[in-house]
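Below is one structure, written out as structure tokens; the observations come after it.
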Amino acid sequence: MNVKFTAWYSPLIVLMMLACQKNSDKESLSDTAGSGFILQEADLPEYEKNIDHMGLLEALGDRHGESMRTGQHIYSNTCFNCHGDPEQEGSLPTAFKFWKDAFKVGNDPYAIYQTLTRGHGAMPPQVNLSPVEKYDVIHYVRETFVKEENPSQYFDIDAAYLADLPVGTTMGPEPREYKPWAEMDYGNFLINTYELVDEDAPPRERSTGPVQPLPDEDFGDANFAYKGIAVRLDQGVGGVAAGNAWMMFDHDLMRMAGAWTGEGFIDWEAILFNEKHNISPRTIGKLHVENETGPGWAHPETGTFKDPRFQARDGRKFGPLPREWAHFKGLYPYGDRLIMSYTVGSTPILETFGLDSLENNPVFTRTLNIKPAGGLLKMRVAPPGTAVALMGEGAELNEENDYQVVHVKESSGLVKIKIFLAAPGVSGLEELARSAAPAESLEEFTRGGPARYPEKLETNIVQGEQEGAFQVDVLNPPFNSPWKNQLRLSGLDFFRDRNRAVVCATDGDVWLVEGFTQNEETLTWQRIASGLFQPLGIKVIDEEIFVTCRDQIVRLHDFNGDQEADYYESFNNDHQVTDHFHEFAMGLQADEQGNLYYAKSARHAREALVPQHGTLLKVSPDGEQTEIIASGFRAANGVCINPDGSFIVTDQEGHWNPMNRINWVEEGGFYGNMFGYDPPADSTDSGMEQPLVWVERERDRSPSELLWVESDKWGPLNGKLLSFSYGYGKVYLVPFEKVGGQVQGGIVELPLPRFATGVMRGRFNPEDGHLYLCGLSAWGSTQPQLGGLYRIRMTGEPVNLPVDIQAQKDGVLLTFTEKLDEGSVKELSNYSVATWDLLRSRKYGSKHYNEKELEVTSAELGTDGKSIKLKIPNIEPTWVMEINYQLESDQGEVIEGLVQNTIHRLGEVSS
């Protein structure tokens with residue numbers, strides 16, 4: 001079945017297709033230079049050109065109470081995360097503070113409306129708010145924060161002001177609560193971290209305050225499934241989010257964590273769902289059955305249920321059970337069913353969940369196939385009082401240490417049992433079990449079944465026609481898929497057939513995409529896996545697909561040739577997962593020996609709980625070992641393997657990170673985050689490895705992964721290093737050098753329009769030589785579109801970029817890709833050089849210190865015609881240097897740009 005999408009585009013997708021988004025620091029309220037707006041007026045929906053701003057503002061008087069309530073709701077759920085309020089600092093301390101800061105664009109309501117609509121600087125456009133909602137939140141902010149706390153910034157509205165507003169006849173579209181995370185069909189299961197609670201559970205306590213690190217909450221009695229597999233049990237369309245009955249399997253502990261029913265699946269409180277910080281989703285509805293946090297099976301040799309795992313500072317235990325005790329093997333999706341595969345000792349077990357009923361009471365079932373049964377096989381089923389019945393030969397139900405436990409007898413053959421569970425007080429389970437059909441064999445569901453997503457979706461390729469050295473093609477994802485996928489694309493890689501690639505999305509999907517090299521007009525998308533836990537990296541190795549998820553590295557297997565994954569093998573699940581929202585598992589690379597690498601973020605504003613927090617991790621080729629390569633990262637977005645076997649890992653501004661940093665990583669290094677696990681005693685700058693470059697937020701508020709150029713078509717950039725911007729949707733060249741063992745360098749923006757999403761990952765296609773990028777926008781990105789896929793082609797036109805930088809004792813040597821005009825090189829007014837320092841501390845970020853303008857006393861063109869030696873008498877090591885240049889090539893082309901770099905050491909003067 002092929003479904004073609006050619007006609008439906010939201011305004012933002014048109015923006016993405018046309019690749020017309022301009023550099024934000026070259027726009028203004030009327031699209032003139034200098035405003036910092038992200039979107040131009042031409043990029044906005046058509047209705048924005050005909051808004052009755054006067055009418056909307058006048059209406060606020062009649063609906064003051066309603067407007068304030070709506071505005072408060074929007075601020076609390078959308079704005080508060082970053083901005084905070086006078087009592088509680090937001091998660092982004094550099095965000096605008098309405099109660100004390102001065103407005104940059106304008107303090108009148110229409111100017112603030114423009115900021116919300118078009119985005120400004122680090123503030124993304126609020127594309128999901130209607131005009132009415134935008135004025136409601138403006139009204140709330142003005143009356144609550146500005147008028148009372150910041151009166152000099154309060155603008156009084158009068159008749160003259162209203163009469164001067166743009167004239168229109170519409171109020172815009174009706175407000176609509178936008179919840180794409182709850183509307184998506186994830187399939188019939190979704191892996192995540194969940195807290196299981198009953199419907200009358202008290203509100204959660206969340207520690208807050210200006211003092212960092214934040215204290216840990218007391219979660220000792222909470223029932224978290226850190227690697228929870230939520231499975232829908234009732235029938236119907238829409239997947240797990242549309243169900244009414246669920247069970248949860250915790251694959252850290254091989255336990256059934258709980259079973260619940262209700263109108264609604266979870267509360268969706270999470271950073272990648274509704275963008276809430278410092279929280280994990282909770283179940284909602286009636287919790288009928290639950291098991292405490294602890295091993296689901298006894299140790300097969302000792303019979304103990306005592307939890308042996310790593311114990312964190314707060315008393316909780318994290319990570320999987322030891323492999324010799326129990327080991328999660330993977331999942332077999334089959335239609336609407338899910339078969340879980342694991343071992344206890346050497347005994348293989350298959351398990352599936354089901355739903356029955358008894359006098360209008362839900363009855364939850366567990367069907368297990370155990371073969372052959374040996375050793376002390378004991379499984380915790382439920383606490384006393386829970387209604388339990390057992391059906392099948394080879395096992396018996398007992399009570400042990402105040403728990404209902406199934407003992408599996410030794411057997412040389414397959415043991416098939418079915419367990420029935422219901423809430424305390426439900427009677428009649430024994431009769432239901434006796435009358436039920438025998439426990440079924442699950443083996444037949446492990447060989448591949450009918451496709452769950454048979455549709456193949458066709459989308460357009462929009463060819464770029466930009467002038468200059470680079471052209472950008474937009475490879476549209478299927479934005480209006482039948483499953484309402486958000487398509488926040490987080491990784492891609494190619495097969496040996498370079499026409500085919502796999503793309504993962506952080507919402508849980510993996511897609512097979514075809515048409516890269518054999519079709520210039522369309523792509524075909526096939527959803528081949530779903531329900532994974534925040535995939536943020538993907539790699540094809542020997543034609544096998546590996547996916548980095550927060551809970552595991554998954555290897556996908558197709559058994560029946562329909563391309564869809566029939567087995568989600570848990571290749572490695574050593575991941576130590578906690579409930580913290582920030583600990584993403586980022587990127588996936590492989591070395592020549594088959595070792596895999598990914599980076600794991602630390603806890604935002606908190607001290608680490610587990611050794612893996614804030615680390616670069618290495619997984620052995622067989623998937624059985626994980627080791628920490630380097631530590632001290634805060635929010636490490638992916639990993640790049642260098643030709644010399646070292647690595648590059650980016651990190652983000654925050655606590656102990658005065659600014660973003662690109663790190664050239666050596667094994668065993670510590671990279672600065674003192675909130676990491678077991679940091680060194682020396683918290684000074686000399687106690688950490690220095691970055692290749694400190695990246696200022698004005699250049700890139702959130703760098704992602706780096707990539708080496710491997711393409712002859714990229715001419716003078718072949719073999720160079722690129723950095724991708726998640727924060728601003730840009731691509732940078734990274735010129736660098738090594739002085740006395742220290743790598744240092746800078747970033748130079750490629751002359752490209754901003755992408756409509758943040759850029760996460762890139763791969764060069766060895767067949768066509770082009771660079772393919774995928775991206776997404778969520779927390780921390782200014783870009784408006786949820787996801788996108790792109791191709792950058794080199795045209796053969798001059799690049800005119802500096803590709804090498806050397807900091808010397810008498811100045812800086814810059815080498816460009818093309819020859820330069822000597823007259824423009826020698827003109828000193830064509831350069832400006834500034835430096836400043838940063839302060840690294842437990843506080844979030846840093847302001848500038850010791851700002852200087854350095855004099856350039858001469859500029860000389862080298863004999864190669866491409867290099868410029870800038871003589872700077874007062875040059876010295878510095879955290880940040882910015883070199884602005886306005887030159888001409890020897891062909892008369894204008895060359896304007898900026899190098900932002902870091903100098904740790906000054907090299908010898910070149911001859």
Side-chain angles (χ1 to χ4, degrees), residues 187-189 229 231-235 245-249 251 254-256 259 296-297 300 326-357 363-382 388-397 405-421 429-452 531 556-562 564-570:
N188 263 40
F189 70 94
I229 307 170
V231 185
R232 177 180 175 178
L233 304 180
D234 59 314
Q235 299 298 306
W246 306 266
M247 290 179 77
M248 181 86 69
F249 187 80
H251 76 76
M254 256 55 71
R255 67 170 178 135
M256 191 282 293
W297 291 78
H327 182 58
F328 179 63
K329 305 293 286 186
L331 302 172
Y332 296 93
Y334 192 98
D336 290 339
R337 304 187 66 173
L338 186 68
I339 315 300
M340 291 155 288
S341 173
Y342 55 94
T343 56
V344 177
S346 60
T347 301
I349 298 173
L350 296 175
E351 179 171 358
T352 193
F353 295 153
L355 181 66
D356 211 322
S357 64
V363 176
F364 303 91
T365 65
R366 301 177 65 182
T367 300
L368 295 97
N369 288 186
I370 306 165
K371 63 173 189 180
L376 292 170
L377 289 180
K378 296 191 298 182
M379 181 181 69
R380 278 181 168 173
V381 175
V388 179
L390 173 66
M391 180 188 71
E393 301 294 329
E396 59 186 18
L397 182 65
V405 176
V406 165
H407 290 248
V408 182
K409 302 173 183 177
E410 289 196 26
S411 171
S412 59
L414 179 67
V415 173
K416 297 186 293 183
I417 60 174
K418 191 171 186 177
I419 302 168
F420 297 78
L421 302 125
L429 249 62
E430 294 287 349
E431 293 80 0
L432 178 64
R434 283 194 292 269
S435 63
E440 62 189 325
S441 172
L442 302 179
E443 188 72 30
E444 64 181 283
F445 302 110
T446 65
R447 305 187 186 100
R452 300 180 305 284
L556 300 176
H557 299 264
D558 170 28
F559 294 147
N560 56 16
D562 63 1
E564 196 170 296
D566 300 303
Y567 178 40
Y568 298 18
E569 178 194 355
S570 183

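A quick note: this is a predicted structure, and the numbers were derived from the prediction, not measured.
- Remark: side-chain polar atoms of Asn369 are paired, donor with acceptor, to backbone N or O of Leu442 under 3.5 angstrom.
- In this structure, Ile417 and Val406 have side chains that are in contact, with non-hydrogen atoms separated by less than 4.5 Å.
- Applying the side-chain hydrogen bond (donor to acceptor under 3.5 Å, both in side chains) test to Arg255 and every residue at least two apart in sequence or in another chain returns Asn223, Asp250.
- Thr352 places a side-chain N or O within donor-acceptor distance of the main-chain N or O of Leu338, the cut-off being under 3.5 Å.
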*side chain to side chain contact (heavy atoms under 4.5 Å, CB included) between Glu569 and His557: does it pass, once the steps are laid out?*
CA-CA 7 Å; Glu569 178 194 355; His557 299 264; 2.6 Å; yes

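- The shortest heavy-atom contact between Thr343 and Pro348 is CG2-CA, 4.1 Å.
- Within the model, atoms CD of Glu410 and CG of Leu377 stand 8.5 Å from one another, a figure rounded to the nearest 0.5 Å.
- Residues satisfying the side-chain hydrogen bond (donor to acceptor under 3.5 Å, both in side chains) test with Ser570, not counting sequence neighbours, are Gln552.
- Using a 4.5 Å heavy-atom threshold, the side chains of Val231 and Asn188 count as separate.
- Between Lys416 and Ser441 there is a side-chain heavy-atom pair separated by less than 4.5 Å.
- Minimum heavy-atom separation, Gly449 to Tyr334: CA-CE1, 3.4 Å.
- In this structure, Glu430 has no salt bridge (Lys or Arg N to Asp or Glu O under 4.0 Å) partners at least two apart in sequence or on a different chain.
- Looking only at side-chain heavy atoms (C-beta outward), Leu331 and Ile229 come within less than 4.5 Å of each other.
- One finds the CE atom of Met379 at 11.0 Å from the NE2 atom of His407 (value rounded to the nearest 0.5 Å).
- Applying the salt bridge (Lys or Arg N to Asp or Glu O under 4.0 Å) test to pairs two or more places apart or on separate chains, those with a residue in residues 333-347 are Arg337-Glu440.
- Proximity of Leu355 to Val363: side-chain heavy atoms (C-beta onward) are nowhere separated by under 4.5 Å.
- Partners of Glu396 by salt bridge (Lys or Arg N to Asp or Glu O under 4.0 Å), not counting sequence neighbours: none found.
- Every residue two or more places apart in sequence or in another chain was checked for a ring-ring contact (aromatic ring centres under 6.0 Å, His included) with Phe353, and none qualifies.
- For Arg366 (side chain) and Leu368 (main-chain N/O), no donor-acceptor pair under 3.5 Å exists by modelled atom type.
- Of all non-hydrogen atoms in Pro372 and Ser411, the two that sit nearest each other are CB-O, 3.4 Å.
- Listed by chain and residue number, Tyr342 satisfy the side-chain hydrogen bond (donor to acceptor under 3.5 Å, both in side chains) test with Trp297 (two or more places apart in sequence, or in another chain).
- Panel note: side chain Asp566, backbone Phe559; a donor-acceptor pair is recorded below 3.5 Å.
- For the pair Met247 and Leu233, the minimum side-chain heavy-atom distance is below 4.5 Å.
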Working note: Tyr568 + Phe189, criterion side chain to side chain contact (heavy atoms under 4.5 Å, CB included); need CA distance, chi angles, decisive distance, verdict.
CA-CA 12 Å; Tyr568 298 18; Phe189 70 94; 3.6 Å; yes

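- Residues forming a ring-ring contact (aromatic ring centres under 6.0 Å, His included) with Tyr332 (at least two apart in sequence, or on another chain): Tyr567.
- Residue Trp246 comes nearest to Arg232 through the heavy atom pair CD1-CA, 3.7 Å, listed as atom of the first residue, atom of the second, then distance.
- The residues Glu443 and Lys371 are annotated as salt-bridged, a charged nitrogen and a carboxylate oxygen being separated by less than 4.0 angstrom.
- Among all heavy-atom pairs drawn from Leu421 and Ala382, the shortest one is CD2-CB, 4.0 Å.
- Atom CD1 of Ile349 sits about 14.0 Å away from atom CD1 of Ile339, to the nearest 0.5 Å.
- Val415 and Glu393 make their closest contact through CG1-O, 3.5 Å (heavy atoms, listed as atom of the first residue, atom of the second, distance).
- With a 4.5 Å cut-off on side-chain heavy atoms, Leu350 and Ser341 count as touching.
- Contact check for Val388 versus Leu397: side-chain heavy atoms found under the 4.5 Å cut-off.
- Here the side chain of Ser435 pairs a donor or acceptor atom with the backbone of Glu431 at under 3.5 angstrom.
- Looking at residues two or more places apart in sequence or on another chain, you find a side chain to side chain contact (heavy atoms under 4.5 Å, CB included) between Ala451 and Pro454, Asp562, Glu564.
- Residues passing the side chain to side chain contact (heavy atoms under 4.5 Å, CB included) test with Ser357, sequence neighbours excluded: none.
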